[in-house]
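Below, chains carry the letters A, B, ... as their sequence lines are ordered, and counting in each starts from 1. The figures that follow rest on heavy atoms only: side chains count, while hydrogens, waters and symmetry mates do not.
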4 protein chains.
Amino acid sequence: MIVIDYKDRRPIYEQIVERFQELILKGVLEADSQLPSVRNLAMDLSINPNTIQKAYTELERQGYTYSVKGKGSFVAVTDRLVQRKKEEVLDAASQLAKLAREYGVGKEQLINAILDGFKEEHND
Amino acid sequence: MIVIDYKDRRPIYEQIVERFQELILKGVLEADSQLPSVRNLAMDLSINPNTIQKAYTELERQGYTYSVKGKGSFVAVTDRLVQRKKEEVLDAASQLAKLAREYGVGKEQLINAILDGFKEEHND
Amino acid sequence: MIVIDYKDRRPIYEQIVERFQELILKGVLEADSQLPSVRNLAMDLSINPNTIQKAYTELERQGYTYSVKGKGSFVAVTDRLVQRKKEEVLDAASQLAKLAREYGVGKEQLINAILDGFKEEHND
Amino acid sequence: MIVIDYKDRRPIYEQIVERFQELILKGVLEADSQLPSVRNLAMDLSINPNTIQKAYTELERQGYTYSVKGKGSFVAVTDRLVQRKKEEVLDAASQLAKLAREYGVGKEQLINAILDGFKEEHND
DNA sequence: GTGGTCTAGACCACG
DNA sequence: GTGGTCTAGACCACC
């Protein structure tokens, strides 16, 4: 479920945060379902529990999860987060379009690239 | 011409590299024109010459500039680089479209955001 | 009567203690009336009896209840406790005023906020 | 400047965060002035650098400071934060008034307590 | 020198 | 068992 890429320049805890965000936003992990325990996941990935802890703390801070001492970490309700993510994507699109114009990429080419991306089957 | 944002989390040399890439790709700096000397720029920005040196080395490595011993650094011919940049933008668009579909952003919304970005005046 | 909020960061036993304090101080639970048995309440709330026990022990320690071996826990006479609580509230007000002054909040604004809080209907 | 209270139940890093917030909000530490380095402060307080690091990370997250790798941590512009703090104080006052009414504390008593707090000289 | 990340190992409160 | 905090010591990129 979680894979660490040691060639990735980003810190491990950040990779873990991002991966869980993905799993939660896409509904793979349902609301109130439990995340792996800090210790278990640390053993699984052969990394230090503190690193997992840091990732979980960050997820909680961002509102993706909530944690109960002595019980575990759980997926929070995500409606607002999904909404926020959608806005982020649209903002990114808008920024990208600006950039494209600045570098002389044609509007048609850009939209074609968008349509291509939409068509492609994805195999996660 | 170059402004450093100390609150930006990215390293200073990276900010400098990116800024020169921009100036070069947009044609503000013409081919074979000379970049400011390491010392001058360092004084101008009140930062360590080593930091400028690192930025210039990186620019040369990426093909944006070439350096002549004892003379300075100069802007390289950029046709290939512009082309590469355009491809990058189109790839990014394609990736973004995939992401949008995965998060349930509608194709129309996405294209509207793109068109918006294209319309807007930019005030760099 | 008692509701546990698992998303609340405070420990469960502390939530229970506080809720009983409230019920007792506001007179919902009268003096010498019996609290639910440890086992019953534990079953009701689907939590560990040890957690209830810890809450009851704490309530007794603070003088809100007294326990009779083999009979159960009972609400103590509360006049002193109510008095103590009122003093606590007044102390808190005084502290808050100090803080307000230190951060440059005007006396009038502060008193208006107080009056607002007094006016508002509460819907517990 | 910073004192750790080991009897305090709250974690050390939280005490440090709160203390710096105070110093910054009250203007003792001015905008863009440098905080003690992670290592120095750790030595001064005889605690582990990681604990300071955690405090500084939290301060940055909350917008009180910004950090530059290789340079240090610096106080951020605080206008917005002071404003936020003032609102917090007013909210707290409103909540306190509600509580007071619920426990039968008279409006006059409460306001007197507020006025007392405002009058008192403070000797930090 | 600086902040940032990570490991290893420990202790605590909670349930 | 769980999450949360802390220590000790290390390495990295950056300036």
Would you say [X] and [Y] make side-chain contact, with heavy atoms under 4.5 Å?
X	Y	value
B:Ile52	B:Leu45	yes
B:Ile47	B:Ile16	yes
D:Met1	D:Leu29	yes
D:Tyr103	C:Glu88	no

From the set F:dG9, F:dG3, F:dT5, return the single nucleotide nearest to any side-chain atom of A:Arg39.
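So the side chain of A:Arg39 is nearest to F:dG3.
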Candidate nucleotides E:dG15, E:dG3, F:dC6, ranked by approach to the side chain of C:Pro11 - the nearest
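Given the options E:dG15, E:dG3, F:dC6, the side chain of C:Pro11 is closest to E:dG15.
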[X] side chain N/O closer than 4.0 Å to the phosphate oxygens (OP1, OP2) of [N]?
X	N	value
D:Ser73	E:dT2	no
A:Ser37	F:dG1	no
D:Gln53	E:dG4	yes
B:Tyr13	F:dC15	no
D:Tyr56	E:dG3	no
C:Thr51	E:dC14	no
C:Lys54	E:dC14	yes

Could you tell me the separation between the [atom1] atom of [X] and the [atom2] atom of [N], rounded to a whole number of Å?
X	N	atom1	atom2	result
A:Phe74	F:dG1	CZ	C1'	12 Å
D:Gln34	F:dC15	CD	P	15 Å
D:Leu41	E:dG3	CG	P	10 Å
A:Glu58	F:dG4	CD	P	13 Å
D:Lys69	F:dC11	NZ	P	17 Å
C:Arg9	E:dC14	CZ	C1'	13 Å
B:Ile47	F:dC15	CD1	C1'	9 Å
A:Met43	E:dG9	CE	P	14 Å

Just checking B:Ile12: base, sugar-phosphate only, or nothing, at a heavy-atom cut-off of under 4.0 Å?
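Sugar-phosphate contact only.
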Assign D:Glu14 to base, sugar-phosphate, or nothing according to its heavy-atom contacts below 4.0 angstrom with the strands shown.
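Counting heavy atoms under 4.0 Å across all strands, no contact is made by D:Glu14.
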Does A:Arg10, at its CZ atom, have more than 12 non-hydrogen atoms belonging to other residues, nucleotides or ligands within less than 6.0 Å?
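Yes.
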Earlier contact from the 5' end, DNA chain F, for A:Glu60 and D:Tyr6:
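Mapping each residue to its closest nucleotide by heavy atoms, the 5'-most match is A:Glu60.
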Could you pick out which residue, D:Val68 or A:Lys71, lies toward the 5' side of DNA chain E when each is mapped onto its nearest nucleotide?
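Taking each residue's closest nucleotide, the earlier one in sequence belongs to D:Val68.
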Report yes if a donor N or O on one partner sits less than 3.5 Å from an acceptor N or O on the other, where the partners are the side chain of D:Asn50 and the base of F:dG9; otherwise report no.
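It does, because a donor-acceptor pair links the side chain of D:Asn50 to the base of F:dG9 below 3.5 Å.
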Pairing partner of E:dC6 (Watson-Crick or G-U wobble, both distances under 3.5 Å)
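Because both required distances fall under 3.5 Å, E:dC6 counts as paired with F:dG9.
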For the residue pair B:Phe20 and B:Tyr56, does the interplanar ring angle fall in the parallel (under 30°), tilted (30 to 60°) or perpendicular (over 60°) class?
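Answer is perpendicular, since the angle exceeds 60°.
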